[in-house]
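Numbered from 1 within each chain, the chains take letters A, B, ... in sequence-line order. Everything numeric in this text was worked out from a predicted model, so none of it was measured.
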Number of protein chains: 2
Amino acid sequence: MKKSSPVVGLSHLRITLSESFYVGPGRADLMELIAETGSISQAAKRMGMSYKRAWELVQALNEGFGAPLVETARGGKEQGASLTEAGREVLERYRGMQDATRRAIARDVDALAALHSDISKRK
Amino acid sequence: MKKSSPVVGLSHLRITLSESFYVGPGRADLMELIAETGSISQAAKRMGMSYKRAWELVQALNEGFGAPLVETARGGKEQGASLTEAGREVLERYRGMQDATRRAIARDVDALAALHSDISKRK
DNA sequence: CATCGATATTCCCGAGTGGACATATCGAGA
DNA sequence: TCTCGATATGTCCACTCGGGAATATCGATG
């Protein structure tokens with residue numbers, strides 16, 4: 001009994017922590033890819049966005065939060081980017097909230113999807 | 001024991017039903033205001049957006065869903081806009097999902113807020 | 001058949017966004 | 001001290017988005 005279509009359902013969940021900081025799906029994905037690749041530029045490439053945009057997002061994350069969530073190091077072999085402890089926690093919490101939300105709204109999503117396909121057939 | 005700040009927490013919840021249709025906070029608010037005021041222009045005014053934008057959103061809702069969620073009537077005394085039965089159900093379901101989501105993520109939001117204020121104090 | 005209020009539709013323009021590109025910078029290691 | 005890979009930062013430009021305004025349309029009602 002697998003899901004029929006992964007596209008339907010929760011697509012955007014944004015959590016606001018203050019006037020200057022929020023986390024949404026894009027920022028979370030970027031953080032995750034930075035953790036995976038150890039590089040802003042690599043993460044940007046995988047997300048299909050420019051390095052500039054990714055770097056600006058990192059700035060927004062760090063400055064908005066008030067403490068670095070993404071650390072960077074220039075030069076040498078160890079250069080690159082990585083998540084700080086706070087960054088890892090923010091990401092983990094966000095993923096948890098996504099899961100909790102999907103579970104919480106599953107019935108409503110099904111009901112809406114049913115209504116939608118119902119009406120589509122009718123015409 | 002009331003909430004300290006209503007700004008913190010869930011700020012955006014978008015539900016995608018198909019490639020051409022989704023509901024988010026803005027569309028839901030617009031639908032609700034149309035139901036309340038019985039007019040696209042009135043609803044637009046209350047949301048601080050132009051009539052044009054509101055009208056475009058209504059188009060996106062109706063065409064995206066594949067069936068009218070907002071009905072309009074021109075001319076005479078009965079002119080205006082209102083929600084169809086499907087529109088009311090979509091709106092009601094969306095509000096329900098918002099509530100369910102808020103409940104589901106409450107603990108995580110608190111934990112994130114705690115982490116955030118913790119770090120803010122530290123510096 | 002003139003009025004009226006709201007919908008429907010188009011045109012023009014400014015602001016903002018983000019991409020592409022070009023450099024500058026850093027610092028470990030060869 | 002030169003190289004190298006990645007970060008850091010600015011400039012320029014095409015494109016999009018949405019606002020504002022103007023106009024057309026509708027149709028019950030008097």
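- The phosphate of D:dG5 has neither OP1 nor OP2 within less than 4.0 Å of any side-chain N or O from A:Ser39.
- Protein atom CG of A:Leu30 is 11 Å distant from nucleotide atom P of D:dT7, rounded to whole Å.
- Distance CZ (B:Arg74) to P (C:dC4): 19 Å, rounded to an integer number of Å.
- Separating the NZ atom of A:Lys77 from the C1' atom of D:dT3 is a distance of 16 Å, rounded to the nearest angstrom.
- Both A:Leu115 and B:Leu91 sit in one connected hydrophobic cluster of ILVMFWY residues. Membership requires side-chain heavy atoms under 4.5 Å apart, directly or through other members.
- Both A:Gly75 and A:Ser50 sit near DNA chain C, but only A:Ser50 has its closest nucleotide nearer the 5' end.
- To the nearest 0.5 Å, atom CG of residue A:Leu10 and atom CG of residue B:Leu13 are 6.0 Å apart.
- Rounded to whole angstrom, the span from the CD atom of A:Gln59 across to the C1' atom of D:dG10 amounts to 14 Å.
- As rounded to whole Å, 12 Å separates atom P of C:dA20 from atom NZ of A:Lys45.
- With distances taken from any side-chain atom of B:Tyr51 to the nucleotides C:dA6, D:dA6, C:dT9, the minimum falls on C:dT9.
- With no hydrogens or angles considered, no side-chain donor-acceptor pair links B:Thr37 and B:Ser39 at under 3.5 Å.
- Below 30°, between 30° and 60°, or above 60°: for A:Phe21 and B:His116 the angle between ring planes is below 30°, a parallel geometry.
- When the C1' atom of C:dG18 is taken as reference, atom CE of A:Met47 falls 14 Å away, rounded to whole Å.
- With hydrogens and angles ignored, a donor-acceptor pair under 3.5 angstrom links the side chain of B:Lys52 to the base of D:dG19.
- For the pair A:Ser41 and D:dG5, the criterion of a side-chain N or O lying under 4.0 Å from OP1 or OP2 is not met.
- Comparing D:dG20, C:dT7, D:dA6 by their closest approach to the side chain of A:Gln79 singles out D:dA6.
- Looking at B:Ser11, its side chain does come within 3.5 Å of a backbone N or O of A:Arg14 through a donor-acceptor pair.
- Taking atom CD of B:Glu78 as the reference point, atom P of D:dT29 lies 7 Å away to the nearest angstrom.
- Counting to the nearest Å, the P atom of C:dT9 and the CD atom of B:Glu63 are 10 Å from each other.
- Both B:Trp55 and A:Arg53 sit near DNA chain C, but only B:Trp55 has its closest nucleotide nearer the 5' end.
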